[in-house]
Undergrad: 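Sharing a structure here in structure tokens format.
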Amino acid sequence: MMKSKISSLQVLFFSLTLLFSYAQDRGNHSKFRRIDGWNTPNAFRTASGAPGFKYFQQKADYTISITLDDKSQSISGEEIITYHNLSPDILTHLWLQLDQNISRENSVARLISKARLRDSISVEELSYYFPDFKGGFEITAVVDKSGSNEKYFINGTMMRLDLKKPLRPGQKYTFKVKWSYPINDRLKYGGRSGYEYFPQDENYLYTIAQFFPRMAVYNDEKGWQTQQFLGQGEFTLPFGDYDVKITVPADFVVAATGELQNVRQVLTPTQVKRLSIARKTFDHPVMIITPDEALQNEMSRSTSTKTWHFKARNVRDFAFATSRKFIWDAMSVRTGSTTSLAMSFYPKEGNPLWQEFSTRVVAHTLKVYSKYTFDYPYPVAISVHTDRIGMEYPMICFNGGRPRPDGTYSKATKYGMISVIIHEVGHNYFPMIVNSDERQWTWMDEGLNTYLQYLTEQEWEENYPSRRGPARNIVDYMKGDPETLVPIMTQSESILQFGNNAYGKPATALNILRETVLGRDLFDHAFKVYANRWKFKHPTPEDFFRTIEDAVGQDLAWFWRGWFYTTEACDQSIEDVKLYTTKFFLKNQTGKFTEIDFESLPDELKVQFSANEKMLINTPYFAQISIQNVGGLIMPVILKFNYDDGTSEIIRLPAEVWLRNERQFTKVFPLKNKLISVELDPMQETADIDTDNNRYTIEDTRDLFLFSIKTL
Ligand SMILES: [Zn+2]
């Protein structure tokens, strides 16, 4: 020991203090610690992520009748809303959402929309930034049951109704709203709904949504969800029962959320018969309106009207599509104990693709999603052809994928169409049934849905060209300029790189959790537990994180923190590999070590070594490997050992290998064969953003002087 002026006691005290503060510091900053800021578990939401014993949700029932005017492309309607206060709170006012007001001339969404000029710009592009369309609801009456006026106030896309008497727990309140609004040209002004005009046959195809004043959500977590609709953050809606009558020109066909109530009044006897055949047909779509019949219909110009009557139970919204141009096919699909009708509505412009694929894709989607969640609970699932967009509503969605005018199409169009149908039909599960708050958290529906979309695509066709899901597909995003990245746990309106952030990254994270961290059986079980706990309820992010941990029996704070709360990327590096060959030495009577062949030892000495010691003595090689965490993201470490006899081996180390040092670790591996190289993440499953430091070739071996304290 070296002499020093400082006493050894001082040194000990000093180093203990250092050690203590270092340990304390590390404890506070460990990426494995519980996540701060999660909501406190309570009687509404439990610590294990399930609904609590006092969990509640509100209910809003609607009786709506609307008329669509094809001449002026406008809608007018009235609705009776019955709002059930199932909360323990007394409500003095109600909030409704007026999402059409996003199209008002002075809407916040329009005022904050930005653009840049270039030296030359098309008039069409410029007019997109300065739309001449003046939309928005005109509210013509808000009255109570007896017909007397209600007091209300409109703030942008929200409308507050001041109750004459407070609404007590368990009470319901019924009132009526009348409104009208002009429908937007969707291709010109954008939007999730609107119309498309077909100049060749002078027909309109309407995809209509957010078309009526809808109740906002009131819950234990946020009170009234009053975030304005700015376009990016989608919808937050309570469940309820809908009774909707839609009046359209008599030659129009209507597809809508729910079950058609007056089949015989709006369909021909032939169509009624075909529909009943479709109810018994499980292996191919049955035509309800053939392409020839749709072509005939396109040329008609009826002056009378028909009213289509739909009912839907336990849905969070209602949407519909209508046109003269619709071809309509349907087939039945069984998911577990339920049977539903998969249907498609499309103009001739969608063919030949739509006739061949759409309804089959709807049926396939319901089957695969049900396998990973729960049986599809609704009577119908409808895919409607639109140009370009994909947009989802309960039981119905509007999907792009249009062949060229001559009927030919690229592979990209075909797979783009199949993917968008899987995705939008899949939204029935998230967020239509597992009803998360889309206006706050886009990933809770888009991320979970994109994850299941990936599994569904892979089951549709071997080697399906999936865009999102595999770890390697997210690498370019993960290594992007930090200024352009925000964590997944970012409020919907503030998200940068929307598609990669809210769809791609969470879908990939879940896929990695399934394939690399937990294994398929464990993850699939947990995902199913979450889906079943929260179906027909309103989960929060914590409910998801906590449920997964509760169901897998593992603390995953490091995973949620890394993937959902930070923008850190995975970059692991092999710093060093040292390969040792074993040489066994024993002391002889003179006290000198000599190299010994273990097998040549006398039996009475051999028996003094335990089985484990014998195994180590006979292990010809030891590798000492140092790995560095350059990227910061905590991830499992997957190593491939390549041996000189041409064989190889995969070693998987759990993420907890980083528990006591998040930057670097060194580990020893006993080996039977001579190691020649080591690879990190050989199957590209961790989204490692720099693979240049993922391979190490061993140039030389050194001797390991292995000795025992036993003597010869
Ligand atoms: Zn989506």
Side-chain angles (χ1 to χ4, degrees), residues 99 186 190-194 207 209-210 229-237 257 315-317 319 321 358 361-362 364-366 368-369 372-373 376 378 381-401 415-457 460 464 466-469 473-474 477 488 490-493 495-511 527 531 534-535 539 541 544 564:
D99 291 325
R186 198 176 48 74
R192 295 165 195 279
S193 59
T207 45
Q210 293 93 244
F229 181 44
L230 301 179
Q232 191 163 274
E234 289 184 305
F235 312 108
T236 310
L237 300 149
T257 301
V315 286
R316 58 167 239 166
D317 200 358
S358 178
V361 175
V362 175
H364 171 74
T365 304
L366 297 184
V368 180
Y369 272 64
Y372 291 107
T373 55
Y376 184 65
Y378 291 136
I382 301 168
S383 165
V384 177
H385 174 83
T386 58
D387 196 15
R388 285 168 249 179
I389 63 160
M391 190 56 211
E392 71 278 12
Y393 299 95
M395 304 188 217
I396 188 168
C397 49
F398 312 146
N399 306 313
Y415 287 107
M417 170 218 174
I418 295 173
S419 286
V420 77
I421 295 176
I422 292 173
H423 182 94
E424 308 307 343
V425 171
H427 270 308
N428 274 297
Y429 295 80
F430 308 94
M432 299 306 154
I433 297 169
V434 179
N435 190 349
S436 57
D437 182 346
E438 293 179 275
R439 194 146 300 171
Q440 284 204 79
W441 308 117
T442 301
W443 70 269
M444 283 198 80
D445 66 302
E446 297 300 353
L448 270 57
N449 186 39
T450 303
Y451 158 70
L452 283 185
Q453 177 195 339
Y454 168 62
L455 298 185
T456 309
E457 287 171 350
W460 172 261
Y464 187 98
S466 292
R467 239 174 98 207
R468 290 173 169 142
N473 292 6
I474 202 73
Y477 168 73
I488 291 174
T490 295
Q491 196 269 325
S492 298
E493 290 297 339
I495 291 172
L496 305 177
Q497 298 199 60
F498 202 67
N500 280 322
N501 176 292
Y503 296 60
K505 188 178 171 185
T508 310
L510 297 183
N511 197 34
F527 195 82
W534 290 99
K535 68 178 175 187
F544 175 76
F564 289 80

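Every number for a ligand or one of its atoms is a count from 1 in the order of the listing. Sequential numbering from 1 along the given sequence is applied to the chain's residues.
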Undergrad: How many angstroms lie between atom CE of Met417 and atom CG of Asn399, to the nearest 0.5 angstrom?
TA: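 If we round to the nearest 0.5 Å, Met417:CE and Asn399:CG are 8.0 Å apart.
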Undergrad: Please determine if Glu438 and Arg316 form a salt bridge, counting it only when a charged side-chain N lies under 4.0 Å from a carboxylate O.
TA: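 A salt bridge is present here (some side-chain N lies under 4.0 Å from a carboxylate O).
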Undergrad: Using atom types as modelled, flag every donor-acceptor pair under 3.5 Å from a side chain in residues 390-398 to any protein atom, sequence neighbours excluded.
TA:
from   : atom 1 : to     : atom 2 : distance (Å)
Glu392 : OE2    : His427 : NE2    : 3.4
Tyr393 : OH     : Gln210 : OE1    : 2.7

Undergrad: Using the test salt bridge (Lys or Arg N to Asp or Glu O under 4.0 Å), find all partners of Glu493 that sit at least two apart in sequence or belong to another chain.
TA: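 Expected list: none.
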Undergrad: Looking only at non-hydrogen atoms, find the nearest pair between Phe564 and Pro506 and report the distance.
TA: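 Shortest heavy-atom separation between Phe564 and Pro506 comes out as CE2-CB, 4.3 Å.
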Undergrad: Below 2.8 Å of the Zn ion (ligand 1), tally up the protein N/O/S atoms for me.
TA: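 For the Zn ion (ligand 1), protein nitrogen, oxygen or sulfur atoms under 2.8 Å: 4.
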Undergrad: With sequence neighbours left out, write down each residue that passes side chain to side chain contact (heavy atoms under 4.5 Å, CB included) with Thr373, or none if nothing qualifies.
TA: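 Side chain to side chain contact (heavy atoms under 4.5 Å, CB included) check on Thr373 returns Tyr429, Phe430, Leu452, Phe527, Ala531.
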